[in-house]
Trainee: 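Below you'll find the structure I mean.
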Amino acid sequence: SNVASVLAGTPSDPPTGISATIPNTATAPLAVTVSFSTSGTVGSGTVTGFQLLRDGVAVATDGLVTSIDDTAPSGGTTYAYTVKALGTHGNSVASSSSSVTTPNTPAQVTGLTVTPVSTSRIDLSWNTPSDNNSQLSGYKVQISSNGGSSYSDVLTGNVNTVYQALSLNGNAQYHFKVSAINAVGTGTASDVKNTYTMTTTPASLSATSVSQVQINLAWGNSTGATGYKIEYESPVDNGFTTLVNNTGNTDLTRSITSLTTGTQYNFKVSGWNNGGTSVASPEASAYTWGILQAPVIDTITRLSPTSLKVDW
């Protein structure tokens, strides 16, 4: 029969000065280094090496060293490390423990906003989340054009909290969510936000005076618009005011009534959809009918017996 033999004697005391650390949380957040010192009492035998235990389970063995490395299983977890001395007269009991908490994936992104900028661009911005003790390296922006059924991923490769989604379809709805990334992994995605790209700019706006108090407007179609925003300005160069925020229909004409007699009005029109308003049309101007104020004569100069020059 096989017989196991053990040399009689006294094993070493356990190592001392146990210290578990993560030297580089930015690039190696799960790489733990446990350093220690050999006990001054080595027993009656010879110390041949050391054994590292994580939460009481042996995870590594090495020779006559003063530190042992370990890769922790997961982020955001606290682990207790102990060390045993190995020797010719047996192993020591486990040392006192040193605990370390590994960094975690970033916190959830908050404050995501989505803003249509053109018929093919939507701008995103969000708040910087906690990196949970491992430096952020970038963000994952997810974009859906089918109501959130599936997403395409874009890795920004930087820690800027803004992103421009380009080459989108006009008057189309898009859903977005954003996650932060660090060396541990990718955090929980933000809440989903959605909006529409802009409609096209209405073209060929015309303004025609038809009475002392009415001007009729007509304009070209804004692709995808479900309504139109109409703005006016009077006096001229006094700034535009919203006359109709959303007409609520796709009619391309509008009669503007209850205006002031003999007064100039400037107008502009924007297409409207669920994403907001398009870039406004070029301005159009018209005067309501009326008797204009007579000019004020400044000077009258006699040029000859039969001609005068009048300045006003």
Side-chain angles (χ1 to χ4, degrees), residues 113-125 162 164-166 168-173 193-303 307-312:
T113 61
V114 292
T115 305
V117 176
S118 72
T119 57
S120 60
R121 171 181 159 189
I122 295 174
D123 284 359
L124 285 67
S125 66
V162 293
Q164 295 178 356
L166 305 174
L168 307 178
N169 294 324
N171 188 43
Q173 184 182 33
K193 300 292 184 179
N194 75 88
T195 190
Y196 286 74
T197 49
M198 288 182 176
T199 62
T200 57
T201 300
S204 306
L205 174 63
S206 64
T208 304
S209 180
V210 294
S211 76
Q212 294 177 320
V213 294
Q214 179 176 329
I215 294 174
N216 289 346
L217 303 180
W219 58 88
N221 180 55
S222 172
T223 303
T226 57
Y228 291 90
K229 177 180 180 180
I230 301 173
E231 299 172 88
Y232 79 98
E233 178 186 55
S234 186
V236 174
D237 297 327
N238 197 45
F240 279 84
T241 300
T242 298
L243 182 66
V244 181
N245 186 57
N246 178 16
T247 63
N249 58 57
T250 56
D251 294 346
L252 301 180
T253 59
R254 185 84 173 193
S255 295
I256 311 301
T257 59
S258 301
L259 302 178
T260 301
T261 299
T263 302
Q264 182 181 5
Y265 289 87
N266 289 344
F267 297 91
K268 59 183 179 180
V269 176
S270 308
W272 192 98
N273 69 359
N274 288 332
T277 55
S278 72
V279 175
S281 68
E283 298 173 18
S285 179
Y287 282 86
T288 50
W289 294 354
I291 300 174
L292 300 179
Q293 184 178 359
V296 177
I297 296 175
D298 290 332
T299 58
I300 301 176
T301 305
R302 182 183 180 92
L303 300 179
S307 67
L308 297 173
K309 177 186 178 184
V310 180
D311 295 311
W312 65 90

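We use all heavy atoms of the structure for the numbers below, so side chains are in, but hydrogens, waters and symmetry mates are not.
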Trainee: Looking at T208 and A286, what are the two nearest heavy atoms and their distance?
Mentor: N-CB, 4.4 Å
Trainee: Hey, are the side chains of T199 and W272 touching, using non-hydrogen atoms and a 4.5 Å cut-off?
Mentor: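 A side-chain contact under 4.5 Å is absent here.
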Trainee: Would a 4.5 Å heavy-atom cut-off, applied to side chains only, mark I256 and Y232 as touching?
Mentor: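 Not touching, per the 4.5 Å side-chain cut-off.
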Trainee: Please say whether more than 12 non-hydrogen atoms of neighbouring residues, nucleotides or ligands are located less than 6.0 Å from CG in L303.
Mentor: yes
Trainee: Please report the shortest heavy-atom distance between Q214 and T288, naming the atom on each side.
Mentor: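 The answer is N-CG2, 4.3 Å.
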Trainee: I'd like to check V114 versus L124 (side-chain heavy atoms, cut-off strictly below 4.5 Å). Are they in contact?
Mentor: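 Side chain of V114 against side chain of L124, heavy atoms only: contact under 4.5 Å found.
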Trainee: Determine the minimum heavy-atom distance between Y196 and N273, stating which atoms define it.
Mentor: CB-ND2, 3.9 Å
Trainee: On a heavy-atom basis, which atom in L205 and which in F267 lie closest, and how many Å separate them?
Mentor: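 Closest pair (atom of L205, atom of F267, distance): CD2-O, 3.4 Å.
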Trainee: Passes side-chain hydrogen bond (donor to acceptor under 3.5 Å, both in side chains), T113 versus S125? Steps please.
Mentor: CA-CA 5 Å; T113 61; S125 66; 2.7 Å; yes
Trainee: Taking C-beta and beyond as the side chain, do N171 and T223 meet within less than 4.5 Å on heavy atoms?
Mentor: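 Counting from C-beta outward, N171 and T223 never come under 4.5 Å.
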Trainee: Find the distance between OH (Y228) and OG (S270) and round it off to the nearest 0.5 Å.
Mentor: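 Reported to 0.5 Å precision, the distance equals 10.5 Å.
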Trainee: Once you round to the nearest 0.5 Å, how far does OG1 of T257 lie from CD1 of I215?
Mentor: 11.0 Å
Trainee: How many angstroms lie between atom OG of S204 and atom CH2 of W219, to the nearest 0.5 angstrom?
Mentor: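 Rounded to the nearest 0.5 Å, the OG-CH2 separation comes to 12.5 Å.
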Trainee: Using every non-hydrogen atom in the two residues, find where T277 and M198 come nearest and quote the distance to one decimal.
Mentor: O-CE, 3.4 Å
Trainee: Heavy atoms only: give me the nearest P202-S222 pair and the separation to one decimal.
Mentor: CG-CB, 4.0 Å
